[in-house]
Structure formats: structure tokens, C-alpha cells
Amino acid sequence: MPENLLDQVKIGADSIQKLNGGWLLSGAHVSVELPCAPKRYLYSGWQSWSLTAWVETRRMVRPIRPSSLRAMQTDPVYAYETRPHGAWHGAVEMPDGQVLLLGALGLESHVRLEGMQTLTGWYEIGNGEWFIGCGEEFELFEQYADLLKQRLGSGRTQKSFRVWCSWYSLYTGIDEARLLKILHDLGDLPFDVFQVDDGWQIAVGDWEPNAKFRSGMDGMASQIQATGRKAGLWLAPLLVVPSASLYREHPDWLLRDGHGRKVSAGFNWGEQLYALDTTHPGVLDWLRALMKKVRGWGYDYVKLDFLYAGALPGKRHVDMPREAAYREGLKMIRDALGQAYFLTCGAPVLPSLGLCDGLRVGPDVASFWSSHRDDDLLMNPATPGMRNAIRTTLQRLWLKPLVQTDPDVVYFRTRQNDLSVQQKQFQQDLAKIAEFKACSDVPAWLTESERVALRAFLESSPSIRKTGQTIYEIDGRAVDFRAQLGLPALPGPFTNLMGALVGGLANVPFLMKIFNGFEQRALQKKLEENPV
Ligand code: 9PG
């Protein structure tokens, strides 16, 4: 038995209290001096899409290349941090295999490895509590989850719905006719929810149906309900784009910095993204009315996306810490949604707990495993792709007692898909382990045997056994994710140079707009060639 690590560390904190199996610390700033340099560090990403993974301490995780996109994938305040770090908690694995976890029990908190041998934790504002424990990773996070539950509460953690989601086949190419055809073709496949994703709205900020939805969103919901399913809808309620009338009508609702400049929330849909200030009474009233409207249309399953926008740093109408401000907005939303199922996405993790039913715990999946552009040129492990999604999701499953963990959709189709059979299987297995099943496959794109496999997946309730940190047994079959979890190798000098170039181009809004135009055209062509 190795000597207990907790007896060998030197702790700096305002107070230390013994807990069952760990200690409770308090302090605005705490430190843990380790007896030697750890082997691996557990990065903890800020929001759904941000990298969360064990990384060898001698291998640096480079900051994501600066670009107008980066605000969407990482906490911009720590975007330049080069030391091993993360939001709210961090863990180290020592050479003898013992794991030590330092986890904050409050918001706006961070952990970092300094000088290779000291773990430090700090709160952005004021004082707070910390949990420190050492032993098996799984047990440590179980204890941490328990303490978080006492402070933040939990959402729905039992039975999740089986969801058909429009995004990963049609993207923004949805319209009423296509969705109704799919709804019809799903037949008796056991989906509980039919969820309309991005593409129905006039603009991000103007949440009314566009010309592609002639019967309105209430009409769409009732057609869904007529098939015995719950209607689901996607919105990004904390974002505004310049083309939205909301942007022109309420400039005072936008989050600004200390100099009065609008805070960037990234770049998407060929436009700059801006955030709403969730402490502004006008915004809160508007959010409440929006949620009530969506409920009134008939949607009982609501996916709210790009929520990190509400927790970006800025000078708010009411001066309060950024994650607390986000939580105020979320409380209003939760309340206005009533009994509806509330899925958060692109959401800061800890600040969402207790206020939602489900949480996306990784980046988007895609019909490919990984991309050279994102892995090697942009060095961005938080962009859409199956490998990125699986890596981060697996590391977040400890959240299950607090929230339903959404690993994103699984694929059964071969059409319009570059994933191998085994790669698809990994994601199907992960969905069973995460206990959250969703799919975007267009029924007309499935072969008969793929449809049979999808049905079996939806109907399955396997017995799952965890046999290692990322090793499971599903109905007795071993599923080992270990080989899938690494980060791509660091690029060489030439790739680095090319990456700087591509990253620089991705910084020019005009070029990004043109690129978006190409993507839109390619999507239209794809959907014409592959009718739903
Ligand atoms: C709709 C989609 C889907 C999807 C969400 C979210 O550029 N980005 O970093 C980026 C990341 C994720 C993303 C879009 C852009 O997808 O996760 O399920 O709802 O929005 O637009």
C-alpha cells in the first residue's frame, strides 16, 4: 500500500476541516505542495465543448490559437494560460498511480499546476470552500459530486428521453416539409422526443419562425404531438447577432466591457456573436416571455445553446460575479419553463447544475472522427468531431448524480458518414453508459439493417459495469476507451506555420462570412442530392 498522499502534501488555506475521506478547505487562494511532480494532470473545461481530459504533464496543451472563434470553446479569461489548469477543479496523478483532486464548491473558481509541483486553487472574487481528497479517481469524484449537490442541487437524474434531433443530418437546412417527411418516416421507432434544432428562427435573437415554417412553430409542435411524441425546440437565448432586430432595438441589453465596448461571444453563422446581460431587468423579462412563448407553442423539451455567453466577463447592469449572473438568468429560465425538460448546451458546467435536467458534456459529434484542420493547424480539441466528443464526455460522466449527461447523438447511417463501424460503436456504447440516447439519422438514409440496429439501440436497457476509469462492460462485453482518449501529437514547425496562417485567416470576419456562404451552398447541394 503506498503511503497516503494526503499525509505527504503541504496545504495552504485559511482553514482545514476533516471530512470522511478528505478535507474541506476554505480560502480565496489555496495551495497544495506535492511531494514530487505528478505524471498527469486532469484539465477541466469551462463549458460543454471545452477540453476535459487527462494529459501527461510533460506534454503541454497549447492555448487554442487566438481567433474570433475561440470565445466559443474556452473561458476567454484563461485563454492564454499555458500551465495545466481548469475551471473549478483539477486533479493530478502521481507516479505511483494515486490521484489527488482539488475541487471548488463555489463558482468563479480555478485550479492550476504551478512550478510542476504545486497545485493552486483560487476564486476570482471573494472567499470559498474547497474539497481535497486522494485515492481512486472514481470515488473522489463521487464525493465531490455529493458535496456539489448539497450546494447547487440537482436536476432530473432518472430516466432520460430518447431524442431525434435535426442537427447532425440537416444542419440549418431544415424546413417544415423535410421535418414532416422525417416525422412520418420515423414511424414507430421508439423516440420520445422530436427536437427541431437550429434553422427555424428568423435570426439569433429574433425567435419567431422564418419563411420555411409556414404553419408556425405551434403548428410544427402539434404535428409532432400528433405522432405521440414530445416536441423539442433549440434556441440560443443569451446570444444576439447584428442582423437581429433585437440587436438594433436594445443596445442597452448587450453585455459590455469596462470601456462600454460590446463583449464578443464568438463568431458563427457568418456573423459576430454578442451576449445579453442577464442582470438587466429588461433582459430577464424578455427571457421569461420567450420561454413562456415556447411553452405556449407546445414545446415540452427545450435545448438552450451557447449559454456560456451569459457568463462571459463584462461590466453588468447589476454588479455581480459573472457565473452568478449567469445563474440568475438560468433561474429565471428554469422557472418560466415550468415542467418542461431543460437541456443546456455550450453551458458552463458547475453554474448550470441544479437548474437544468440535462447538460451536454462534450463538443459536438460529427460524421468524421477527427479533422486535420482543427487537430493540427488550429490545435483545437473542442471543435465538432467524434474523437473530441468522446474524449471529453467520458471524463464528465461523474456528473450523472447531478444532471443527465448528454454525450450528443449516435450514428447508425453509413450514408453521408465517414465513421468506421467501430467508431460508431464507441459512441453508441458511450450513449448507453451516459444513459442518454439521441440520434439525427434521416430514416430515408438508413438501410433496413441500420434501422433494425437503431431500434434495438433505442429499446435496449443494458447492464453496465464500470471495470476501470474508462473501461466498461456492457451486457458482459468489454468496452475499453483508453486508446481513444489521447490528444493529437504536437505539430512540427511547418504545420505550426501553416496553423498560424489558417488561424489568422479565421480571424478575418469578412473571410469567415465568405466561408460560411460556401458551407451553406455545400449543405444545400448535399440535401438536394440526398433527399430526406
Ligand atoms: C446549432 C448547433 C447544435 C449543436 C450545438 C451547437 O463553432 N463552434 O465552436 C460551435 C460549436 C458547437 C456548435 C456550433 C458551433 O453546435 O452543440 O448541437 O445545436 O449548435 O447551431
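Note: hydrogens, waters and symmetry copies are ignored here, and every other heavy atom, side chains too, is used. Atoms within a ligand are numbered from 1 in the order they appear, just like the ligands themselves.
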Do Trp269 and Phe306 make the cut of ring centroids closer than 6.0 angstrom?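 Close enough - the centres of the two rings lie under 6.0 Å apart.
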Taking the six-membered ring for Trp, are Trp200 and Trp207 ring centroids under 6.0 Å apart?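 Between Trp207 and Trp200, which both carry aromatic rings, the centre distance is below 6.0 Å.
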Check whether any side-chain N or O of Ser169 sits under 3.5 Å from a backbone N or O of Ser440 as a donor-acceptor pair, and report yes or no.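 Present.
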Examine distances only and state if a side-chain atom of Thr157 and a backbone atom of Leu402 form a donor-acceptor pair shorter than 3.5 Å.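 No: the side chain of Thr157 does not pair with the backbone of Leu402.
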Which of the atoms in ligand 1, numbered in the order shown and given with their element, are less than 4.0 Å from a heavy-atom of [X]?
X      : answer
Arg360 : 17 (O), 18 (O)
Lys303 : 3 (C), 4 (C), 18 (O), 19 (O)
Cys345 : 5 (C), 17 (O)
Asp198 : 1 (C), 21 (O)
Asp197 : 1 (C), 3 (C), 19 (O)

Is ligand 1 under 4.0 Å from a heavy atom in the side chain of Asn268, in the backbone, in both, or in neither?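 Side chain only.
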What part of Tyr171, side chain, backbone, both or neither, has a heavy atom within less than 4.0 angstrom of ligand 1?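 No part of Tyr171 comes within reach of ligand 1.
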May I ask you to check whether Tyr168 has an N/O atom sitting below 3.5 Å from an N/O atom of ligand 1?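 Looking only at distances, the answer is yes, because the N/O contact criterion of under 3.5 Å is met.
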Can you list the steps and then say if Phe457 with Asp429 is a side-chain contact (heavy atoms from CB on, under 4.5 Å)? CA-CA 9 Å; Phe457 166 80; Asp429 288 337; over 6 Å; no
Verdict with reasoning, Val163 to Phe194, per side-chain contact (heavy atoms from CB on, under 4.5 Å): CA-CA 6 Å; Val163 182; Phe194 184 92; over 6 Å; no
Is there a side-chain contact between Phe368 and Arg387 in this structure, where contact means two heavy atoms from C-beta onward sitting under 4.5 Å apart?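 Heavy-atom side-chain distance check fails, nothing below 4.5 Å.
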For Thr383 and ligand 1, answer yes if some heavy atom of the residue is under 4.0 Å from a ligand atom, otherwise no.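 No; Thr383 lies far enough from ligand 1 that no heavy-atom distance drops under 4.0 Å.
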